[in-house]
J.: 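I'd like to ask some things about the structure below.
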There are 2 protein chains.
Amino acid sequence: MTKMNNKNKIFIDKLRSSGLRPTNQRVEISKFLFNRKKTFHFTVEELKSSMNLKRQKKISTATFYNTVHALKSAGHLKEFSLENNTSCYDTNITSHHHFFDNGKVIDIKSDKITFQKLPEAPKGKKIKNVEVVIRLENNN
Amino acid sequence: MTKMNNKNKIFIDKLRSSGLRPTNQRVEISKFLFNRKKTFHFTVEELKSSMNLKRQKKISTATFYNTVHALKSAGHLKEFSLENNTSCYDTNITSHHHFFDNGKVIDIKSDKITFQKLPEAPKGKKIKNVEVVIRLENNN
DNA sequence: ACATACTTTAGAATAATTATAAAGTAGTTA
DNA sequence: TAACTACTTTATAATTATTCTAAAGTATGT
């Protein structure tokens, strides 16, 4: 990247703050993830196939995993586990909760759930975060 | 099993109600899981190695997976996902919540957490269950 | 432009889980 | 109880998600 146009600055900054040099592949991934209005839920496989679908020169699996991990460690992505033993990532990094509806994930804004009572952390420990999953089923 | 002694009835019943014939291997697994006072959290690998450790004739991996899956489908075990993409099972099938403390899982009794506010299910859907995970970190 | 450390990539390696198919066993029936 | 049939067990192969490796390529500081 000899010259980086300014419109990518925000995506490049996410990489830099994750300790990653802004290579072409990474900038494309960062744009793909963060250049959107709505929250985005994905697994690495899904990200890879949807990005590579439209590309002549494919980005390798390892690069997707590396980039997503670094972004996650830096706090630009949230990770959560699906039932089927795959990691799912969320571009919404604000504290929030989820509906799980047969494999589909829907965000719940943090203020939609409040607690009347929460247990104390065991001694020597403190609460890092609280995550709620509301599992849904069909109404009939 | 020509003759099944009565003291195993409860463990055999769990198998039968899961659609499984009470073979020797399955009865041993069922006993190992349910013949205890405290709740038991395990992955299939952990179950397998701890049971096979003390046996001359090992039970195969497939039998552990089959049996655990059937018990889970019948509702005798609860499944939840750990961060590291392995399925964890819980012999406590009552509705309850969990502390996650660096890979260690601790049950939280259902009545220790109550809600002041919960979102409505999207239309056409209803809430099947609500699960809370409280992640812990060290105090210092 | 150079040097160097960081990257990309294809492909191998691992780990968790599921599938296969041959040999064994439970439960039913006569 | 003998015999039959469908269900089981097992070792092993296959799959899936993910991580590792090492050779070839690239960003960045000087």
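Chain letters run A, B, ... following the sequence lines, proteins first and then strands; every chain starts at 1. Since this is a predicted model, take the numbers as computed values, not measurements.
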J.: Touch check for B/S87, heavy atoms < 4.0 angstrom, all strands: base, sugar-phosphate only, or nothing?
T.: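 Counting heavy atoms under 4.0 Å across all strands, the contact made by B/S87 is with sugar-phosphate only.
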J.: Starting at atom CZ of B/F64, determine the distance to atom P of C/dA16, rounded to an integer number of angstrom.
T.: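 That distance rounds to 15 Å.
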J.: Please give, in whole Å, the distance from D/dT8 P to B/I12 CD1?
T.: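 Value for this atom pair: 14 Å.
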J.: Taking distance alone, no hydrogens or angles, what donor-acceptor pairs closer than 3.5 Å link side-chain atoms of residues 119-127 of chain B to residues at least two apart or in another chain?
T.:
from	atom 1	to	atom 2	distance (Å)
B/K125	NZ	A/D101	OD1	3.4
B/K125	NZ	A/D101	OD2	3.2
B/K125	NZ	A/N138	OD1	2.6

J.: Do the side-chain N or O atoms of A/T61 get closer than 4.0 angstrom to the phosphate oxygens (OP1, OP2) of D/dT18?
T.: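 Checking A/T61 against D/dT18: no side-chain N or O falls below 4.0 Å of OP1 or OP2.
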J.: Do B/F80 and B/H98 have their ring centres less than 6.0 Å from each other?
T.: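 Yes: the rings meet the under 6.0 Å criterion.
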J.: Just do the side chain to side chain donor-acceptor pair (under 3.5 Å) check on B/T91 and B/H76 with the steps written out, would you?
T.: CA-CA 7 Å; B/T91 56; B/H76 297 304; over 6 Å; no
J.: Check this one for me: any side-chain N or O of A/R26 less than 4.0 Å away from OP1 or OP2 of C/dT7?
T.: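 The answer is yes; a side-chain N or O of A/R26 sits under 4.0 Å from OP1 or OP2.
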J.: So, is A/S60 near the phosphate of C/dT8, with a side-chain N or O under 4.0 Å from OP1 or OP2?
T.: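 Negative; the distance criterion is not met.
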J.: State which of D/dT9, C/dA26, D/dC20 makes the closest approach to the side chain of A/A62.
T.: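 Per side-chain heavy atoms of A/A62, the pick is D/dC20.
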J.: Please report, rounded to the nearest Å, how far the P atom of C/dG24 is from the CG atom of B/N66.
T.: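 The answer, rounded to whole Å, is 19 Å.
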J.: Could you state the NZ-C1' distance from A/K48 to D/dT18, rounded to the nearest angstrom?
T.: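 Atom-to-atom, A/K48 to D/dT18, this comes out as 11 Å.
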J.: Does a side-chain N or O of A/Y65 approach OP1 or OP2 of D/dT19 to a distance below 4.0 Å, or not?
T.: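 Negative; the distance criterion is not met.
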J.: CD1 of B/I29 versus C1' of D/dT8: gap in Å, rounded?
T.: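 The answer, rounded to whole Å, is 12 Å.
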J.: Rounded to whole angstrom units, what separation is found between the CD atom of A/E45 and the P atom of D/dT18?
T.: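 Value for this atom pair: 7 Å.
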J.: Students often get this wrong, so: under 4.0 angstrom with heavy atoms, is A/T86 touching a base, only sugar-phosphate, or nothing?
T.: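 Result for A/T86 = sugar-phosphate.
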J.: Is the B/F11-B/F34 ring centre distance short of 6.0 angstrom?
T.: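 Not close enough - the centres of the two rings lie 6.0 Å or further apart.
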J.: Is the distance from OP1 or OP2 of D/dT19 to the nearest side-chain N or O of A/H69 less than 4.0 Å?
T.: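 For A/H69, the contact criterion (side-chain N or O under 4.0 Å from OP1 or OP2 of D/dT19) is met.
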J.: Report yes if at least one side-chain N or O of A/Q25 is closer than 4.0 Å to OP1 or OP2 of D/dT26; otherwise report no.
T.: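 A/Q25 to D/dT26 OP1/OP2: no side-chain N or O under 4.0 Å.
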J.: Whole Å only: how far is the CG atom of A/L47 from the C1' atom of D/dA17?
T.: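 One finds 15 Å between C1' of D/dA17 and CG of A/L47, rounded.
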J.: In whole Å, what is the span from the CG atom of B/N24 to the C1' atom of C/dT25?
T.: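 The answer, rounded to whole Å, is 9 Å.
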J.: So, B/T63 side chain and B/I59 main chain: donor-acceptor pair closer than 3.5 Å or not?
T.: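 No, B/T63 side chain to B/I59 backbone: no donor-acceptor pair under 3.5 Å.
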J.: Could you go through B/V133 and A/V130, starting from their C-alpha distance and side-chain angles, then the distance that decides it, and tell me whether this counts as side-chain contact (heavy atoms from CB on, under 4.5 Å)?
T.: CA-CA 6 Å; B/V133 170; A/V130 179; over 6 Å; no
J.: Below 4.0 angstrom from OP1 or OP2 of C/dT8, is there any side-chain N or O of A/T23?
T.: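 Yes, A/T23 has a side-chain N/O under 4.0 Å of OP1/OP2 on C/dT8.
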J.: When you measure from the side-chain N and O atoms of B/K57 to the phosphate of D/dT10, is any distance below 4.0 Å, counting only OP1 and OP2?
T.: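 Answer is yes, contact under 4.0 Å.
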J.: So if I take the C1' atoms of five pairs at each end of the helix from C/dA1-D/dT30 to C/dA30-D/dT1 and get each local axis, what angle do the two axes make, rounded to 10 degrees?
T.: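 One end axis against the other gives 30°.
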J.: Considering just the side-chain nitrogens and oxygens of B/T63, establish if one lies under 4.0 Å of OP1 or OP2 belonging to D/dT10.
T.: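 B/T63 to D/dT10 OP1/OP2: side-chain N or O found under 4.0 Å.
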J.: Yes or no on side-chain contact (heavy atoms from CB on, under 4.5 Å) for B/Y89 and B/H69, after CA distance, side-chain angles and deciding distance?
T.: CA-CA 10 Å; B/Y89 296 88; B/H69 279 163; 3.4 Å; yes
J.: Cluster question for you: counting only ILVMFWY and a side-chain heavy-atom cut-off of under 4.5 Å, with indirect links fine, are A/V105 and A/I113 together?
T.: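 Different clusters: A/V105 never reaches A/I113 through Ile, Leu, Val, Met, Phe, Trp or Tyr contacts under 4.5 Å.
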